[in-house]
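The first residue in the sequence is number 1, and the count goes up from there.
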Amino acid sequence: MGIQRFEDIIGWQRAQDLAVDSYGIFQHSKDFGFRDQICRAAVSVSNNIAEGFDRSSDSDFCRFLYIAIASCSEVKSMVYLAQRLG
């Protein structure tokens, strides 16, 4: 029996953790544009997994997984930048 709900996908669960962590880490950042961008990108990861799961085809789900991966890469790039900026 396959996964019946997107909430059961471990990747979605971890993406939710990523979003919560991002909000927590950057909540006091005075760079509002940076904070907004990294938090939106982090939220996008789990949202795309959920949206893709509820699409009508496996190919749609795969397309949304690729979008989620891209959002995850955006977060990763921004974390590198945040580290460099201190």
Qualifying side-chain hydrogen bond (donor to acceptor under 3.5 Å, both in side chains) pairs with a residue from residues 9-18, counting only residues at least two apart or across chains: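 For residues 9-18: Gln16-Ser46.
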side-chain hydrogen bond (donor to acceptor under 3.5 Å, both in side chains) contacts touching residues 29-40 (sequence neighbours left out):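 Passing the test, one end in residues 29-40: Asp36-Arg40, Gln37-Arg40, Gln37-Glu74.
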Verdict with reasoning, Asn48 to Ile69, per side-chain contact (heavy atoms from CB on, under 4.5 Å): CA-CA 9 Å; Asn48 278 296; Ile69 290 168; over 6 Å; no
Results of side chain to side chain contact (heavy atoms under 4.5 Å, CB included) for Ala42 - residues two or more places apart only: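 Scan of Ala42 (side chain to side chain contact (heavy atoms under 4.5 Å, CB included), adjacent residues dropped) gives Leu18, Ala19, Ser22, Val75.
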Contacts of Ala82 that satisfy side chain to side chain contact (heavy atoms under 4.5 Å, CB included) - sequence neighbours left out: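 Ala82 satisfies side chain to side chain contact (heavy atoms under 4.5 Å, CB included) with Phe26, Phe34 once adjacent residues are dropped.
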Members besides Ile10 in its Ile/Leu/Val/Met/Phe/Trp/Tyr cluster (side-chain heavy atoms under 4.5 Å):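 When side chains under 4.5 Å apart are linked, Ile10 ends up in no cluster with other residues.
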side-chain hydrogen bond (donor to acceptor under 3.5 Å, both in side chains) involving Ser59 - partner list, sequence neighbours excluded: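 If we apply the side-chain hydrogen bond (donor to acceptor under 3.5 Å, both in side chains) test to Ser59, skipping adjacent residues, the hits are Ser57.
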For Asn47, side-chain hydrogen bond (donor to acceptor under 3.5 Å, both in side chains) partners two or more places apart: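 With neighbours one apart ignored, the set is empty.
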hydrophobic_cluster_shared for Met78 and Val20, side chain cutoff 4.5 Å: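 They do not share one cluster, since no chain of ILVMFWY contacts under 4.5 Å joins Val20 to Met78.
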Sequence neighbours excluded - salt bridge (Lys or Arg N to Asp or Glu O under 4.0 Å) pairs with any residue from residues 77-86: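 Listed once each, the pairs would be none.
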Salt bridge (Lys or Arg N to Asp or Glu O under 4.0 Å) contacts touching residues 55-72 (sequence neighbours left out):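 Salt bridge (Lys or Arg N to Asp or Glu O under 4.0 Å) check on residues 55-72 returns Glu51-Arg55, Asp60-Arg63.
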All salt bridge (charged side-chain N to carboxylate O under 4.0 Å, His left out) counterparts of Asp8, not counting sequence neighbours: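 For Asp8 the salt bridge (charged side-chain N to carboxylate O under 4.0 Å, His left out) partners, ignoring immediate neighbours, are Arg5.
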Shortest non-hydrogen contact between Val45 and Ala68, atoms and distance: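 Taking Val45 first and Ala68 second, the nearest heavy atoms are O-CB, 3.6 Å.
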Pairs satisfying ring pair (Phe, Tyr, Trp, His ring centres under 6.0 Å), at least one member in residues 51-86, at least two apart: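 Pairs touching residues 51-86 that pass the test: Phe53-Phe61.
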